[in-house]
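Have a look at the structure below before the remarks.
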There are 6 protein chains.
Amino acid sequence: DFIHALQNDIKPAFGSSKEALDTFLSNGIINWGDPVSHVLEDGDLIVSQTRSSDRTPLVTMLLEGPPACGKTALAAKIAKTSDFPFVKLCTPENMIGYHEAAKCQAIKKIFDDAYKSPLSCVVIDDIERLLDYVPIGPRFSNLVLQALLVLLKKAPPAGRKLLVIGTTSRKDVLRDMEMLNVFSTIVHVSNISSSEHLLAVLENADLFSREELQYIQKKTHGKKLFIGIKKLLVLIEMARQMEIGERASKFLCILEDEGALEYS
Amino acid sequence: DFIHALQNDIKPAFGSSKEALDTFLSNGIINWGDPVSHVLEDGDLIVSQTRSSDRTPLVTMLLEGPPACGKTALAAKIAKTSDFPFVKLCTPENMIGYHEAAKCQAIKKIFDDAYKSPLSCVVIDDIERLLDYVPIGPRFSNLVLQALLVLLKKAPPAGRKLLVIGTTSRKDVLRDMEMLNVFSTIVHVSNISSSEHLLAVLENADLFSREELQYIQKKTHGKKLFIGIKKLLVLIEMARQMEIGERASKFLCILEDEGALEYS
Amino acid sequence: DFIHALQNDIKPAFGSSKEALDTFLSNGIINWGDPVSHVLEDGDLIVSQTRSSDRTPLVTMLLEGPPACGKTALAAKIAKTSDFPFVKLCTPENMIGYHEAAKCQAIKKIFDDAYKSPLSCVVIDDIERLLDYVPIGPRFSNLVLQALLVLLKKAPPAGRKLLVIGTTSRKDVLRDMEMLNVFSTIVHVSNISSSEHLLAVLENADLFSREELQYIQKKTHGKKLFIGIKKLLVLIEMARQMEIGERASKFLCILEDEGALEYS
Amino acid sequence: DFIHALQNDIKPAFGSSKEALDTFLSNGIINWGDPVSHVLEDGDLIVSQTRSSDRTPLVTMLLEGPPACGKTALAAKIAKTSDFPFVKLCTPENMIGYHEAAKCQAIKKIFDDAYKSPLSCVVIDDIERLLDYVPIGPRFSNLVLQALLVLLKKAPPAGRKLLVIGTTSRKDVLRDMEMLNVFSTIVHVSNISSSEHLLAVLENADLFSREELQYIQKKTHGKKLFIGIKKLLVLIEMARQMEIGERASKFLCILEDEGALEYS
Amino acid sequence: DFIHALQNDIKPAFGSSKEALDTFLSNGIINWGDPVSHVLEDGDLIVSQTRSSDRTPLVTMLLEGPPACGKTALAAKIAKTSDFPFVKLCTPENMIGYHEAAKCQAIKKIFDDAYKSPLSCVVIDDIERLLDYVPIGPRFSNLVLQALLVLLKKAPPAGRKLLVIGTTSRKDVLRDMEMLNVFSTIVHVSNISSSEHLLAVLENADLFSREELQYIQKKTHGKKLFIGIKKLLVLIEMARQMEIGERASKFLCILEDEGALEYS
Amino acid sequence: DFIHALQNDIKPAFGSSKEALDTFLSNGIINWGDPVSHVLEDGDLIVSQTRSSDRTPLVTMLLEGPPACGKTALAAKIAKTSDFPFVKLCTPENMIGYHEAAKCQAIKKIFDDAYKSPLSCVVIDDIERLLDYVPIGPRFSNLVLQALLVLLKKAPPAGRKLLVIGTTSRKDVLRDMEMLNVFSTIVHVSNISSSEHLLAVLENADLFSREELQYIQKKTHGKKLFIGIKKLLVLIEMARQMEIGERASKFLCILEDEGALEYS
Ligand SMILES: Nc1ncnc2c1ncn2[C@@H]1O[C@H](COP(=O)(O)OP(=O)(O)OP(=O)(O)O)[C@@H](O)[C@H]1O
Ligand SMILES: Nc1ncnc2c1ncn2[C@@H]1O[C@H](COP(=O)(O)OP(=O)(O)OP(=O)(O)O)[C@@H](O)[C@H]1O
Ligand SMILES: Nc1ncnc2c1ncn2[C@@H]1O[C@H](COP(=O)(O)OP(=O)(O)OP(=O)(O)O)[C@@H](O)[C@H]1O
Ligand SMILES: Nc1ncnc2c1ncn2[C@@H]1O[C@H](COP(=O)(O)OP(=O)(O)OP(=O)(O)O)[C@@H](O)[C@H]1O
Ligand SMILES: Nc1ncnc2c1ncn2[C@@H]1O[C@H](COP(=O)(O)OP(=O)(O)OP(=O)(O)O)[C@@H](O)[C@H]1O
Ligand SMILES: Nc1ncnc2c1ncn2[C@@H]1O[C@H](COP(=O)(O)OP(=O)(O)OP(=O)(O)O)[C@@H](O)[C@H]1O
Ligand SMILES: [Mg+2]
Ligand SMILES: [Mg+2]
Ligand SMILES: [Mg+2]
Ligand SMILES: [Mg+2]
Ligand SMILES: [Mg+2]
Ligand SMILES: [Mg+2]
């Protein structure tokens, strides 16, 4: 019966999911520029569309972008701010070592739980990892792929609404798997690629002095820059261990060594 | 015994199947032009042939066309209007995560149930998905394929008649699998590809004003257009969330971005 | 003990097999020309050879020809008219969804039963389907293939005689599998390929008037024609649903659309 | 204990094996020419070597030649005339539908039984069939292959002697599998390839009259001829069903159609 | 409960792990030159970063270099000197013959144990061996690969910190598997490639006399030299068995034969 | 407890292993020339190194050479003369039909037993056969390969010493599998390739008279010769069955037919 299900399945699931979302938001969302705003706006739009339209009870959005660009955090952010009564994260972190049948069951369970709530949001994180994808071969779990292909097209029961947010670094692979077709919207998440964006993050990081920031700005201005926010935050943390005097220049060296910044 | 079977298997199956068919018809069938009428007429013909001919107790029809063109809805429509005593949908949505042997059993069960009724219709939806087909490899379930190849050729028991309607977006793949051979008739389902067809749908959608419709007509007239009805209905729903002033032009932009409309 | 086996295994098997053969002969054998007679004569010869020669206790014949050309019906006809005490059909229709080990057991059981009768005939229908063959890959059940390769060479026990009739649409594939070697005789089953043959079937079908037949004869005379009897019977049944006035010309159109008749 | 094993395993095994060998010799060995004598002599040599030499307790011989050339019958003949206390046939006919592990066990059991007798002979018939070999792929059972590779090199226990006779139509495949290496001797079994050899068989067959034989001799003299004794015996049996007048010429026609005799 | 876990899981695990680390350090770390110091410094840095930074609770480092260059010993050294309360070695030596699911469970168990301690270090030794990688094919365990890919990205629970040190000889393979991405830092471990480095090791080895060392220095000076410390220690041990007079020159010969030293 | 293990595991294992070694030495080691001496000396060296060095508790040697060149016998000889308290043969002959997991367990068991003795020698015979290697594909057991790769690098417990001697005919395959790396020493075993070596074996064989030997010497002098000692001993045994008069020349003919001796 439904009441029982509500009490046993949905509430605790919801509780633990909120926490889970927060894990992926531990470093917050730094609004380092337009690309970030745009993704969040698209998220808002799709959330309100799910809530209001009666003819599209299933809405699906894919966040795609390079490794470490912040996809998971943004998906978690959108899901959290939707404030839907049921929000759940479907992540490979909870399925380590699962054989593909167990993975399918776990994924299906999340959707079945979502179908029980009038308004639900499911985040399917790191789809290539859920699929056990590896480029050598290539190999992947076709059982999981087929399950996702069907779940992403299957309407929720009458009167229920469902928003699905997927994330991936391998849009090309998903295209080959004919999975792009089944998403209503595909949104690109960008790497940081300009000096202004970099500075916006560095200011937020509360590490470098004004002079250091000016030095970095001068040195990176007009240079090719390409780095994901997740990676950048790690490098900043490395710089934090260094001696103050050489910190700014060493930080730029690391950026160059990592291939994130054009050599001067 | 037959009476028992009728009461236990067929009636409830029928009941739930009617509902199931309606799920796939929730947005109705908009008759946006000749291609739609033709498919429905072909369906009528094949339905009456199944009913009347004694020498072809098994009739099989394949609806094929691009993704989102409306195949499933049309198959459901034909099956529903056949008004046969037994109508059943065989869809991957009910077999998520099934291993191939379970899939085979589920499919065989549907046919075995159909054989018990004097006049039956089985819809095999999304055949490539039933087959767990993925172009990478390619991979698919040969067990399910072989079951379908045999079931699509196997005559029902003496005195019973069976109509099978399949749907697919991958006619080419089914040809490679030597499955096209086994269908009596193959019917193409079209995408919307002219301004008139588009306008027919938009008028039905009850969203745009007369002026907006005229604007859209003017802007799309003579342009290359190619979009499935399912996708089009989603985009219309998106437009419904937008502000009235810019709705029409934004809608055309989305059509262009989706690659459905030639850029102006 | 043998008596028991005779009463429990062979008699019922025989009974149900006779029925089974009739299923495949429901539309009879229309003798539309020499190719049909030749196959039936070859069948008679091989049947009497099995009955009379003591040095070849195992005789094996393969009927091969294009899809829908009538192979199964002809094999059933020969088996039925042999009037051997044991006649059995080994068909994929009875093994839907079987995994390969189960298939092997089912096939082996049929042969083991046949070995118990002094004079037996086994029809192995649609060998490529029994093998779960699909050209993509290609894939097939090697377990079933190896079982057939051995069974088709293995002599029955002393004093028993066995005739095996196989059918296939993929002679080329069976050659690649080194299966052609193991058949004593290979007989080709032809498609209908001349106006005279077509007319012979149409006259038998009891549908068209004398004038219509003359019209069809005139229109098809000298044209390239290539269609299997099974497919032709379906198209005739379609024509039967049409209005009398346009029936003959529409029938020719369908033949052309199906690629069976050269466009005029 | 050994006495028990002797009474339970070896004696019955031996009994049934003698019968089994006779099955493969039902049509006898017709000495149609030198190639037959040579194989039988090589067999005698190898049998006596097994019996007499103390330094080679394991002797292995491979009979290889085209399909139907008489390999199995010759191997059975050599094994039977060896008159060793333990003679056993290892044939795919007894392993239909076995999965590869079961096949390995069955093969290993035969060798283990052989090791119990002071002087044993094991015939491994149709090695490519034991290996479930099919050229498409190619596929084969590596488990069985590895078992054979080891068994064909493994010396029997101290004081025991073992002769292994293998047969194959695919010497090339066995070379690729590095199995040729492990046989002590490889003997070629020939097809019938001259008019004299053919006549020798026909005379033995007790079918054609003196005049017919002379006619056949005249017609085949100097022509290219290539046919296995097994196939030839089947064709003779077919000719036996024909009317006396045309028998000889029809027999030559069949030879030509089968590709065994150059067209005149 | 945590206390219980501490007493049952962590302490003994720690105990046995310390020992395990020592096994891999039985020949100590000879500081034969700058490359060794640099790796150890990088290790110190990463250890202190794990300890101090709050924003990067997961730090991952990969030691990569040619076979036998000393990766495992250096990883063990860094882990041991970290003096973290939980240190554990994840090595293929403890998983011989494990099927991939068992391997996954064993690896996951190590991480789950690590998550229970506030500050942990896990060494994942010989990643290509953990993955059952072999270049023929190539083949590897995708289940283990996917588990590692997820574990190397998964943050420890709130308040816990984890340092993971991996070792590999196949950086190229790990790149193809998209595993390089997931490491925070990648550090190269070098082979010995100069006469000075060689002499540093030889002096440490306490085998050759001063004269012998001078002789070796003269002979290797300016020559191409490339050998891993592990291999070098084995060759020194071989030389130790030789007669004193010819020891030095023979040692150089072995170096040349092994391809470690350019022929003079 | 150790005493128990010593009494139950090691002693009987040792006992049966000694016998096993003798099986492979039944025809003794004929010292037909320098190549044989060199291998035996290398064996002695490596045995004493294992015994005396404290820094290399694990020593591994690979004997590689063409099929039938005597690898197994030489490995058995070295192991036997080592006179280590634990000597064990790991041979595919004891693992016929084992699936790969069982093979791994059996191999691991041998090493685990070896680790219990202070000084052990394990012979891993015919590595490609242990790996179920076949060039078609190629196919092999990766589970066994990975187990060997780890076992050949894993140090015995503190205070124990282990010598591993492997044999293979496929050095090239082992290189592709990255297995050559893990052996401390690789020693080549040669075929007989000169008339002197041949004569040394023939004299030892006690078959030919002085005159025959001179005849053979004259006929083979300066000719290309290439044959393994195992094969040569079989051919000598064949010659032993022949009549004395023609024995020598026939023996040379067989050598030529086998491709072992250049045709004159
Ligand atoms: N504007 C931002 N967008 C996204 N993440 C941000 C932003 N600002 C800060 N972050 C932080 O950056 C990190 C982004 O990591 P995240 O795991 O989302 O990246 P990802 O693209 O999913 O990486 P991967 O490709 O490895 O899955 C998070 O810790 C997040 O809190
Ligand atoms: N003329 C029409 N033909 C088909 N569907 C229509 C038509 N008019 C409106 N619809 C609606 O359009 C949608 C068509 O979706 P449907 O699932 O049938 O497409 P599909 O081709 O099966 O898609 P897919 O390729 O993803 O399986 C349904 O919601 C249906 O109610
Ligand atoms: N001369 C004929 N030969 C064969 N079948 C005939 C003939 N005349 C009428 N028929 C009818 O034609 C149909 C032939 O169908 P059948 O299943 O034997 O074809 P098939 O070649 O086995 O097809 P498939 O390739 O699909 O297996 C049967 O219904 C049979 O009764
Ligand atoms: N000289 C002969 N050599 C071999 N077989 C002979 C000879 N003379 C008569 N025969 C008969 O010919 C048949 C040979 O068939 P057999 O099964 O041995 O051929 P095969 O080469 O093993 O065929 P396959 O390649 O199909 O295994 C047997 O019935 C045997 O009795
Ligand atoms: N500077 C050094 N760096 C590393 N190892 C050293 C050093 N000096 C001495 N050693 C010794 O050298 C050996 C290095 O072996 P180790 O197993 O670490 O090599 P590896 O690179 O992991 O080899 P593999 O590629 O086979 O895994 C150890 O015995 C270690 O004690
Ligand atoms: N000098 C020798 N070296 C090796 N074996 C010898 C020698 N002299 C005589 N023999 C005998 O030759 C035979 C060598 O066979 P062995 O099985 O060792 O060869 P192998 O190279 O291992 O063959 P395979 O490649 O088939 O494994 C044994 O019977 C052994 O007793
Ligand atoms: Mg992510
Ligand atoms: Mg559909
Ligand atoms: Mg058929
Ligand atoms: Mg045979
Ligand atoms: Mg290492
Ligand atoms: Mg050997």
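So that the names make sense, note that chain A is the first sequence line, chain B the second, and so on, each numbered from 1.
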Exercise. Who wins among E:S53, E:S48, E:P57 for the most heavy-atom pairs under 4.5 Å with chain A?
Worked result: E:S53

Exercise. Pick from E:V173, E:V150, E:V182: which one has the most heavy-atom pairs with chain A under 4.5 Å?
Worked result: E:V150

Identify which part of [X] has an atom lying under 4.5 Å from any heavy atom of chain E, answering side chain, backbone, both or neither.
| X | answer |
| --- | --- |
| A:E100 | neither |
| A:Y98 | backbone |
| A:N27 | side chain |
| A:P92 | both |

Problem set entry | Top contributor to chain E interface from A:E258, A:H99, A:R170, A:M95 [non-hydrogen pairs under 4.5 Å] | A:R170

For this session: Heavy-atom pairs under 4.5 Å with chain E are the metric here; pick the option from A:D132, A:V134, A:I136 that has the most.
Result: A:D132

Problem set entry | E:E64/E:V189 under side chain to side chain contact (heavy atoms under 4.5 Å, CB included): CA gap, chis, key distance, verdict | CA-CA 6 Å; E:E64 59 81 17; E:V189 180; over 6 Å; no

Determine yes or no for a side-chain-to-main-chain donor-acceptor pair under 3.5 angstrom, with [X] supplying the side chain and [Y] the backbone.
| X | Y | answer |
| --- | --- | --- |
| A:K103 | A:V144 | no |
| A:K88 | A:D113 | no |
| E:T56 | E:L58 | no |
| A:S141 | A:L131 | no |

For this session: Apply side-chain hydrogen bond (donor to acceptor under 3.5 Å, both in side chains) to E:K171 and list each qualifying residue two or more places apart in sequence or on a separate chain.
Result: none

Exercise. Mind checking whether A:F251 and A:F208 have ring centres under 6.0 Å apart?
Worked result: yes

For this session: Take A:V87 and A:K80, measure what side chain to side chain contact (heavy atoms under 4.5 Å, CB included) needs, and give me the verdict at the end.
Result: CA-CA 7 Å; A:V87 177; A:K80 198 182 168 189; over 6 Å; no

Problem set entry | Carboxylate-amine/guanidinium proximity below 4.0 Å for E:D54 and E:K161 | yes

Exercise. Distance under 6.0 Å and angle within 45° of the ring axis: does A:R139 meet both against E:F140?
Worked result: yes

Residue part contacting chain A, namely of [X], when any heavy atom lies under 4.5 Å:
| X | answer |
| --- | --- |
| E:A147 | both |
| E:K154 | both |
| E:E178 | side chain |

Exercise. Chain E contacts: which residues in residues 231-250 of chain A have a non-hydrogen atom closer than 4.5 Å to it?
Worked result: A:K231, A:V234, A:E237, A:M238, A:R240, A:Q241

For this session: Would you kindly say whether A:D257 and A:Y263 are connected by a side-chain donor-acceptor distance under 3.5 Å?
Result: yes

